Structure formats: C-alpha cells, structure tokens
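Keep in mind it's a predicted model, so treat the numbers as computed, not measured. All values below were derived from every heavy atom in this structure, side-chain atoms included, with hydrogens, water molecules and symmetry-related copies excluded.
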Amino acid sequence: MNQVKTIGVLTSGGDAPGMNAAIRAVVRAGIGKGMRVLGIRRGYNGLINGDMVEMNLRSVSDILQKGGTVLYTARCLEFKEEAGIEKAKQTCIEAGLDGVVVIGGDGSFRGARDLSLRGIPCVGIPGTIDNDIASSDYTIGYDTAMNTVVENVDRLRDTSQSHDRCSVVEVMGRGAGHIAVNTGLACGAIAILIPEIPFDVDRDIVAKIKASQKTGKQHFIVMVAEGVGHSHELAQEIEEKTGVESRATVLGHIQRGGSPTLRDRVIASEMGYYAVELLKKGVGNRVVVTKDGKVTDYDILEALSMKKSVDMNLLKIAQDIAL
Ligand code: ADP
Ligand code: F6P
C-alpha cells in the first residue's frame, strides 16, 4: 500500500464557523503524522488554477477561534464540468497530492466523489450552518449559527415586548428547517414555519396569536425558515388579520460569521483529525460524519443517497408549549 506523503485541504461552498478549526486539525494532524500539507485556496478554483500554499505548524496559529475560512471559499462552477475536473486532477498529480480533504456541503462532496473516481483520494468533512447533510447528524457551523440567531432574537424580543409587536424572524437553512425548528423552540416562537411542513397562516399563526392574547400575551415571535421566505408579506398579513403591529427581520449572512462555539471547535477538530487518519491509510471517497455522538465515516456515494428529516419531536414540543 502506498504511504500518503502529501495531502491538500480546501474549503468549498458557503463558509461556516469552525471551518478554520477543521483546517488547523488537518494541518497539525498531517504534519504530526509526517506528511506535507498544502492549503488549497478558494475551493475547487484553487485546484483548477494551482493556487496552493504549503502549510506549516504556524500557518494555522491563532485561527481556532476565528469564523470564516483562512483558505477562502468559493462555489466553483467550472469544477462541475468534465474539463474542470480534469484540470483539477492534473494539478493534483503535478503537486504530488496523495489525497485531499474537502470541507463543505453536499455539492462539495459531489466534487470530492468525482475526483476520487479519477484516482485522487478525497475525504469530505461536513461544513455548513444548515445541518442539511443527510449522512451526518451534525455539520460544522450549525451550533454557532444557531447561537447567533438566539442572541439576535433575544434583542428583537426586547423591542417587540416594548411595543406589543409581533416579530417575524427569517433564518437561513437553504431548503431545510433545522435552524428554524431549534431556534424557534429556544426563542419561544409562537409559530415555526419550515419548508418541509405545509402550514396555514390562519390556523397556525393568526388563531394561535388570538388565543394567547386572551391569556394576556402581548408580543410574539414567528420563526420562518428561508425556504419558506416571504417574511415581509407574512408580517403584513399577520398585522392585518390580528391587529398586532408586525415587523419582519431577515437575519441573513450575520448567521455565517463569528467565533465558533465550543461544540463547533471540538467537532471540527475531531473530524479534521479523523480525515487525516483515513488519508494516511490511503483511504479515499469517504465522508467523515457524526452518528449517535461518535465520529465515523461513509462511502461518499452512499452518503449522498441518504435522507434526513427535521426533528419532528422538537417541532411538536415547540408548538405544544407556544401558548
Ligand atoms: P455546498 O458545498 O455548500 O453544498 P455547493 O452545492 O454550491 O455548496 O457546492 C460547492 C461546490 O462544489 C460547487 O461550486 C462546485 O465547485 C462543487 N460541486 C457541486 N456540485 C457538483 C457536482 N455535481 N459535481 C462536481 N462538483 C460539484
Ligand atoms: O449553505 C449556507 C447558506 O448560508 C444557506 O443557509 C443560504 O441559503 C446560502 O448559503 C446563502 O448563500 P450565499 O452566500 O451565496 O448568499
């Protein structure tokens, strides 16, 4: 079996807090195990253009606590084409890369699969605030993003309470409602709207607001996943139908930034270390995941075929106690 000597690491897709902790773990674990580690800049663009830098132990000093990604990230359209993948493969061969760690989402994993199938062993690490990677219970950045939401909704609650208003808050998550369900529960939302579950404004919001007004409730938070959208129109509809003055806030990219939480730093470090161990053994075409609290790995194709649903029990609890 070939001993892996040089590995690369890249971040791809939307940045997520904790990506730097994962990069640091890959670099330190790789060098600690006697390998060279190259940092590939701007996702798959760096592989296509040969934009790489040799990392040393100090290249990753002082980044553990930082959001974003020091390697930059991109959504590289060229890499979706055959010619782009071939160029990337040639760069890997020329740079003597024996493996690549790809930190990103499902799209990034598809790229990792394509490169692995062409003989460059790749290992994926789930990095996205959305937690929408089916194969893994957890994705790097999710905890930090949700804590950012909670911190900001607590501020909105102060002003909602002062004006007896309804705050419609739109959170990220792409097509998934994981962030909305958890933060909706944590922020005491009267209603949580996610793309996975059909809803009725009159039944699920207006009737709930009116019922709780009768027991003295005067201000309200409605959590909306971006996959549902239309938050401003929804706020207007709520105001018209309930008489409660309503405002919409789209939290947006603020959810992607900031210092990673303990949970994100620990999982990112574990996953980065695990990915290097796989490449050290010459194993590629895998994704590192968490399953029932443990870090493990799956074949990329198998991982990409999996399905994940929102935590319906959490949603039910949130709805049952939103009175
Ligand atoms: P994420 O990784 O956050 O899911 P994207 O879906 O945009 O974000 O994917 C990031 C990058 O992964 C894309 O810009 C592209 O470079 C690569 N990628 C996505 N889908 C594919 C694919 N089907 N084949 C090859 N590469 C892909
Ligand atoms: O995947 C992370 C994410 O922030 C999603 O929640 C959101 O839909 C998307 O990326 C936003 O992408 P962009 O950075 O291109 O605006």
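- Counted by atom type alone, Ser59 and Asn56 present one or more donor-acceptor pairs between their side chains at under 3.5 Å.
- Counting heavy atoms from C-beta on, the side chains of Asp106 and Asp132 never come closer than 4.5 Å.
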Audit row: Arg118, Glu82, salt bridge (charged side-chain N to carboxylate O under 4.0 Å, His left out) steps and yes/no: CA-CA 11 Å; Arg118 283 166 180 76; Glu82 186 62 33; 2.8 Å; yes

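- Looking only at distances, no side-chain donor or acceptor of Ser231 sits under 3.5 Å from a matching main-chain atom of Val168.
- Under a cutoff of 6.0 Å and an axis angle of 45°, Arg42 and Tyr72 form a cation-pi pair.
- Side-chain contact, Thr261 with Asn147: no donor N or O sits under 3.5 Å from an acceptor N or O.
- Side-chain contact check for Arg265 and Ser259: at least one donor-acceptor pair (N or O, by modelled atom type) lies under 3.5 Å.
- Taking the charged nitrogens against the carboxylate oxygens, Arg165 and Glu239 have no contact shorter than 4.0 Å, which rules out a salt bridge.
- Rounding to the nearest 0.5 angstrom, the gap separating the CD atom in Gln319 from the CE atom in Met312 is 7.5 Å.
- The pair Glu277-Lys281 does not meet the salt-bridge criterion, since no charged nitrogen lies less than 4.0 angstrom from a carboxylate oxygen.
- Between the side chains of Asp264 and Tyr138, at least one donor-acceptor pair of N or O atoms lies under 3.5 Å.
- Residue-environment remark: CD (Glu270) exceeds the threshold of 12 foreign heavy atoms within 6.0 Å.
- Ion pairing between a basic and an acidic side chain is recognised when a charged N comes within 4.0 Å of a carboxylate O; Asp15 and Arg256 show such pairing.
- Taking the six-membered ring where the residue is Trp, His178 and Tyr142 present perpendicular rings, their angle passing 60° and hence far from 30°.
- In this structure, Cys187 and Val150 have side chains that are in contact, with non-hydrogen atoms separated by less than 4.5 Å.
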